Amino acid sequence: MIEVREHEWPSTRAEAVAVQQRLRPLVRFDGQPAEVRTAAGLDVAYDESSDELVAAVAVLDVPALSVVDSATVRGRAEFPYAPGLFAFREAPPLLAALRQLSVVPDVLVCDGQGLAHPRRFGLACHLGVLTDLPAIGVGKTPMGRFDPPGQRRGDRSPIRMDGEEVGSALRTQHGVKPVLVSVGHRCTLDAACGLVLELAPRYRLPETTRTADHLVRTTR
DNA sequence: GCGACAG
DNA sequence: ATCTTGTCGC
């Protein structure tokens, strides 16, 4: 079973920023699994009220990409959405879903950013640190700047923020808009991109997030 | 002051 | 995130 690190959930934005700065040094870049046999996709969907939500985790076998475990949780958003503070809204229900898994995945594939974040501590870093599981972020909307990568599957270009490289714009399919990959915890950028390509043999997004996404919209 | 701003 | 028609392509 997944053990979640002792942590606190702030009620104001200023406190939330302080929590990020406190947890940021705990991000590690070593300790990757020798081989990824299972990968978890995580996603959250909201109802009309925008505070009632469904969180889901789907664990897929790698490289078969078959679903080996999953969990869903219904709940309420306790923190308003704010750019840079995304994790305080989505991490609580996602952690609740992760606790329900009977299979501990080798890596968490998060919907959003990892180090490609204003304080280098996006959702993927947050979930990675709190569970101490390897984690990566796969986003659809850029937070940093990058030159368009080549048009072929596998082509990538560095994402930069404040002059430093924080991730990769990765083309998962020919001529399709790239996804934004960044390290969350216990992993390298190269390994993260390699994994995303392995998880996205046919569509733009990894099968992990596609499965989790399908799960949250059929659970409402 | 103005624009930008993961999901 | 969510609100939504038609359209192009496999």
Side-chain angles (χ1 to χ4, degrees), chain A residues 9 13-14 16-17 19-20 23-24 27 40-58 72-97 108-129 135-146 151 153 159-170 172-185 189 192 196 200-206 208-220:
Chain A
W9 294 106
R13 297 187 182 194
V17 170
V19 169
Q20 290 181 326
L23 295 178
R24 170 70 182 83
V27 171
L42 306 85
D43 195 24
V44 177
Y46 300 86
D47 283 347
E48 305 267 335
S49 51
S50 189
D51 63 341
E52 291 174 30
L53 56 80
V54 176
V57 182
T72 60
V73 163
R74 305 199 50 124
R76 191 167 278 278
E78 303 293 343
F79 201 90
Y81 169 74
L85 300 178
F86 187 43
F88 296 96
R89 185 175 176 79
E90 300 213 338
L94 288 174
L95 288 169
L108 305 180
V109 180
C110 307
D111 219 24
Q113 316 295 329
L115 294 178
H117 173 276
R119 287 170 292 281
R120 308 297 180 269
F121 198 73
L123 176 67
C125 299
H126 212 129
L127 290 175
V129 164
I136 69 174
V138 180
K140 300 179 283 293
T141 307
M143 276 197 103
R145 309 187 57 166
F146 60 90
Q151 294 295 310
R153 166 177 159 86
I159 299 174
R160 293 197 178 72
M161 288 182 75
D162 311 310
E164 50 181 311
E165 181 170 350
V166 297
S168 292
L170 175 69
T172 53
Q173 299 297 325
H174 259 355
V176 165
K177 197 204 305 186
V179 296
L180 303 319
V181 180
S182 60
V183 167
H185 186 57
L189 184 55
V196 170
R202 177 156 184 201
Y203 299 107
R204 178 188 179 224
L205 297 177
T208 37
T209 53
R210 286 171 49 82
T211 302
D213 185 79
H214 183 256
L215 222 45
V216 294
R217 22 184 124 233
T218 48
T219 301
R220 305 182 282 184

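Below, chain A is the first sequence line, B the second, and so on; all start at residue 1. Keep in mind that this is a model prediction, so the values were computed, not measured.
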**Asked** Distance-only, no hydrogens or angles: does the A:Arg153 side chain make a donor-acceptor pair with backbone N or O of A:Thr172 under 3.5 Å?
**Response** yes

**Asked** With sugar-phosphate meaning primed atoms plus P, OP1 and OP2, does A:Arg220 contact a base, only sugar-phosphate, or nothing at under 4.0 Å between heavy atoms?
**Response** sugar-phosphate

**Item:** Separation between CG of A:Asp111 and CZ of A:Phe86, rounded to the nearest 0.5 Å
**Value:** 6.5 Å

**Prompt:** OP1, OP2 of B:dC5 versus side-chain N and O of A:Arg145: anything below 4.0 Å?
**Reply:** no

**Message:** I need the CD-P distance between A:Gln173 and C:dC10, as an integer number of Å.
**Reply:** 14 Å

**Item:** Spacing between A:Arg204 atom CZ and C:dG9 atom C1', to the nearest angstrom
**Value:** 18 Å

**Request:** Give one of base, sugar-phosphate or nothing for A:Gln113, where a contact means two heavy atoms less than 4.0 Å apart.
**Result:** base

**Asked** What is the nucleic acid contact for A:Gly122, judged by heavy atoms within less than 4.0 Å: base, sugar-phosphate only, or nothing?
**Response** base

**Request:** Determine yes or no for a side-chain-to-main-chain donor-acceptor pair under 3.5 angstrom, with A:Gln20 supplying the side chain and A:Gly84 the backbone.
**Result:** yes

**Asked** Side chains of A:Asp47 and A:Ser49: donor-acceptor distance under 3.5 Å anywhere?
**Response** no

**Asked** B:dA6 C1' sits how many Å from A:Leu115 CG, rounded?
**Response** 14 Å

**Asked** When all nucleic acid strands are considered with a 4.0 Å heavy-atom cut-off, which category describes A:Ala116: base, sugar-phosphate, or nothing?
**Response** nothing

**Asked** Any donor and acceptor pair, going by atom type alone, linking the side chain of A:Arg204 with main-chain N or O of A:Pro178 inside 3.5 Å?
**Response** yes

**Message:** If you compare every side-chain N and O of A:Tyr81 against the phosphate oxygens of B:dA6 (OP1, OP2), does one of them come in below 4.0 Å?
**Reply:** yes

**Asked** Pick from A:Leu127, A:Asp43, A:Leu94: which one makes a side chain to side chain contact (heavy atoms under 4.5 Å, CB included) with A:Cys110?
**Response** A:Leu127

**Asked** So what's the dot-bracket for DNA chain B: Watson-Crick or G-U pairs under 3.5 Å, [ ] if a pair crosses, | if it pairs off-strand?
**Response** .......

**Message:** Under 4.0 Å, heavy atoms only, any strand: does A:Gly84 hit a base, just the sugar-phosphate, or nothing?
**Reply:** base

**Message:** Rounded to whole Å, please give me the gap between CZ in A:Arg89 and P in C:dT2.
**Reply:** 11 Å

**Request:** Could you tell me whether A:Leu123 contacts a base, only the sugar-phosphate backbone, or nothing, with contacts defined as non-hydrogen atoms closer than 4.0 Å?
**Result:** base

**Asked** What stems, by residue range, does DNA chain C take part in, given at least 3 consecutive Watson-Crick or G-U pairs under 3.5 Å?
**Response** none

**Asked** Taking only side-chain nitrogens and oxygens of A:Thr141, does any of them come within less than 4.0 Å of OP1 or OP2 of B:dC5?
**Response** no

**Message:** Ring-plane angle category for A:His126 and A:Trp9, please: parallel below 30°, perpendicular beyond 60°, tilted otherwise.
**Reply:** parallel

**Message:** Base, sugar-phosphate or nothing for A:Leu85? Non-hydrogen atoms, less than 4.0 Å.
**Reply:** base

**Complete:** Rounded to whole Å, NE2 of A:His126 lies from P of B:dG7 at a distance of 18 Å

**Prompt:** From the list C:dT2, B:dG7, B:dC5, which nucleotide is the closest neighbour of the side chain of A:Phe86?
**Reply:** B:dG7

**Message:** Using modelled atom types and a 3.5 Å cut-off, is there a donor and acceptor pairing between side-chain atoms of A:Thr208 and backbone atoms of A:Gly41?
**Reply:** no

**Request:** Determine whether more than 12 heavy atoms belonging to other residues, nucleotides or ligands lie under 6.0 Å from atom CZ of A:Arg13.
**Result:** no

**4.5 Å side-chain heavy-atom contact, A:Arg24 and A:Arg119** = no

**Request:** For the side chain of A:Lys140, starting at C-beta, report the closest nucleotide among C:dA1, B:dC5, C:dC3.
**Result:** C:dA1

**Item:** Spacing between A:His174 atom NE2 and C:dG9 atom C1', to the nearest angstrom
**Value:** 16 Å

**Message:** Rounding to an integer number of Å, can you tell me how far A:Met161 CE sits from B:dA4 P?
**Reply:** 16 Å

**Prompt:** Which residue, A:Leu42, A:Ile136, A:Val57, forms the side chain to side chain contact (heavy atoms under 4.5 Å, CB included) with A:Leu108?
**Reply:** A:Leu42

**Message:** Expressed as a whole number of angstroms, how long is the span from A:Leu205:CG to B:dG7:C1'?
**Reply:** 13 Å

**Prompt:** Which one, C:dT2, B:dG7, B:dC5, comes nearest to the side chain of A:Met143?
**Reply:** B:dC5

